[in-house]
K.L.:
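I am attaching a structure below and will ask some questions about it afterwards.
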Amino acid sequence: MNASTTLTPAEPVAGCRDADVLRERGQHEVFCGLTGIVWLHRKIQDAFFLVVGSRTCAHLIQSAAGVMIFAEPRFATAVMEERDLAGLADANEELDRVVAQVLERRPEVKMLFLVGSCPSEVIKLDLKKAAQRLSANYAPDVRILNYTGSGIETTFTEGEDQCLASLVDCMPATEPEAEADLLVVGTLADVVEDQFQRLFDEMGIENVAFLPPRRSGELPSVGPNTRFLLAQPFLTETARKLSDRGANRLAAPFPLGAEGTTGWLKAAADAFGVEPMRFRAATAAPEARAKAATAKRRGALEGKSIFFFPDSQLEVPLARFLSREMGMVPGEVGTPYLHREHLDPDLALLPDTVRLSEGQHVDRQLERCRADRPDMVVCGLGLANPLEADGMTTKWSIELVFTPIQGYEQAGDLADLFVRPFDRRTRLEV
Ligand code: SF4
């Protein structure tokens, strides 16, 4: 299949659907799930994230979020001292005291997450019990939940999965007679969420809700009449819990680039019986804008090879966008976890020459990367400098999570994120 061909619904495709996967288990070079607090605290505007961790955890959050804080942050770390590590009773008392202090100072907070870390897991501090105990004290004004962001349990984007999964437990049940509703699952920038909402309105799909909501009191209902669309590919546990509540997942490519966004919206349109003419009327103009925006940047990327280290779980849909819409040639596409079912529509659109890998063994992967000598490497911050020193052009995968990249209007910005490192290298060489 030509990398730049456009998929039509009748086209039979297999792509990487049935491809063998190289399974790697070894040293990781990935942030832990605490990182998700950086975007989650900005999304749920009345939530507070209290990491129960060490000074290392506090430094990670501060440095990841440092440059992005525009308002008083709604996150903090309850630092566990040696005294806490010695006795659970002390740690629980201290936790109650810190929560009381936070809620007294921040009366606008309506939901507080106790976020577990490596230290809290190592001493087996039961944050679920702590959340139940504290909820009894602060209900109904403040809801206290818990999830883990520890590096033992989670990588990078899996923190969001754990957080949203904890929210699913609190979602009310839909009425049995209620009309079908659409739930969009995964944190999106507000501007992107508004664009999608307008498109669903134009298609005539009513009862659309987003998880997470902007305010904790607006948690949507869920039940057998709920159809949900994943907006992010790293939400395995959240999707499982929604399915357990009776909701049905709509299979779709992830909404990156013009093709991915159209496929994603089409899945909703088909499930809600939207007429093809109405669907085209709603999507034709923004899709054309997205195609024009990416076409302008295609020349800078076409024919260039790209190698993905496993980091954010966005790797498969990104590789699909870059190969199909930008003409890039993905070599290895590594991802921390490959959920075949959720990624099936994207895998089907990947060239069958791609080497898929799951998990990480950083030394072996570095060897393969150096042997491939790709034009661009997408990787975490820790690997970027040594690879740049080797003469390779890198892209930090964390930027792809912090930047709004979903939807038609962001397709040009998404392409730009890959054009810029080549520009920078050209300027440096000049
Ligand atoms: Fe490090 Fe674990 Fe804290 Fe993450 S949770 S910053 S991996 S100690």
Side-chain angles (χ1 to χ4, degrees), residues 24-42 47-69 73-86 88 90-92 94-95 98-99 102 112-131 144-166 187 234 236-237 309-313 334-337 359-363 365 379-385 396-399 401-402:
E24 297 279 41
R25 296 290 174 266
Q27 195 191 327
H28 286 48
E29 290 282 341
V30 186
F31 284 124
C32 65
L34 294 187
T35 328
I37 293 172
V38 176
W39 60 90
L40 284 163
H41 93 280
R42 291 175 68 192
F48 194 98
F49 293 79
L50 184 64
V51 177
V52 185
S54 63
R55 288 189 198 285
T56 311
C57 309
H59 286 146
L60 173 91
I61 294 296
Q62 277 304 335
S63 47
V67 288
M68 314 207 174
I69 297 168
R74 274 175 290 97
F75 58 82
T77 307
V79 175
M80 299 170 72
E81 307 285 2
E82 271 174 35
R83 188 171 61 94
D84 302 318
L85 298 175
L88 287 176
D90 285 347
N92 276 312
E94 188 64 8
L95 188 57
V98 174
V99 168
V102 167
L112 185 142
F113 291 95
L114 301 175
V115 188
S117 67
C118 304
S120 65
E121 264 170 38
V122 166
I123 68 158
K124 304 216 180 310
L125 184 57
D126 190 339
L127 290 182
K128 187 167 186 174
K129 252 196 202 152
I144 317 267
L145 301 175
N146 75 289
Y147 73 89
T148 181
S150 113
I152 303 168
E153 300 272 331
T154 59
T155 65
F156 194 16
T157 47
E158 284 174 313
E160 172 171 343
D161 187 24
Q162 294 295 317
C163 175
L164 300 196
S166 75
T187 302
F234 42 75
T236 307
E237 181 64 8
F309 277 82
D311 211 85
S312 62
Q313 291 190 48
T335 181
Y337 178 59
Q360 190 159 35
H361 187 300
V362 75
D363 292 331
Q365 208 148 22
C379 59
L381 298 171
L383 294 177
N385 280 349
W396 293 348
S397 47
I398 197 164
E399 268 186 83
V401 179
F402 286 159

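Atoms within a ligand are numbered from 1 in the order they appear, just like the ligands themselves. Bear in mind that the values here come from a model prediction, so they are computed numbers and not experimental data.
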K.L.:
Looking at every heavy atom in both Gly359 and Arg25, which two are closest together, and how far apart are they?
P.N.:
CA-NH1, 3.7 Å

K.L.:
Distance check, rounded to the nearest 0.5 Å: Asn146 atom CG versus Leu125 atom CG?
P.N.:
10.0 Å

K.L.:
Under 4.0 Å from any heavy atom of Ser117, which atoms of ligand 1 are there?
P.N.:
5 (S)

K.L.:
Looking only at protein heavy atoms, identify the closest one to atom 1 (Fe) of ligand 1 and say how far it is in Å.
P.N.:
Thr56 CG2, 4.1 Å

K.L.:
side-chain contact (heavy atoms from CB on, under 4.5 Å) with Val401: which of Trp396, Phe31, Phe156?
P.N.:
Phe156

K.L.:
From the options Ile144, Val98, Val51, select the one residue that forms a side-chain contact (heavy atoms from CB on, under 4.5 Å) with Leu114.
P.N.:
Ile144

K.L.:
Return the closest protein heavy atom for atom 3 (Fe) of ligand 1 as residue, atom name and distance.
P.N.:
Cys57 SG, 2.3 Å

K.L.:
Which residue holds the protein heavy atom closest to atom 4 (Fe) of ligand 1, what is that atom called, and what is the gap in Å?
P.N.:
Cys32 SG, 2.4 Å

K.L.:
Looking at atom 2 (Fe) of ligand 1, is there an N, O or S atom belonging to Cys118 that lies under 2.8 Å away from it?
P.N.:
yes

K.L.:
Which pair of non-hydrogen atoms, one from Gly380 and one from Ser397, has the smallest distance, and what is that distance?
P.N.:
N-OG, 3.8 Å

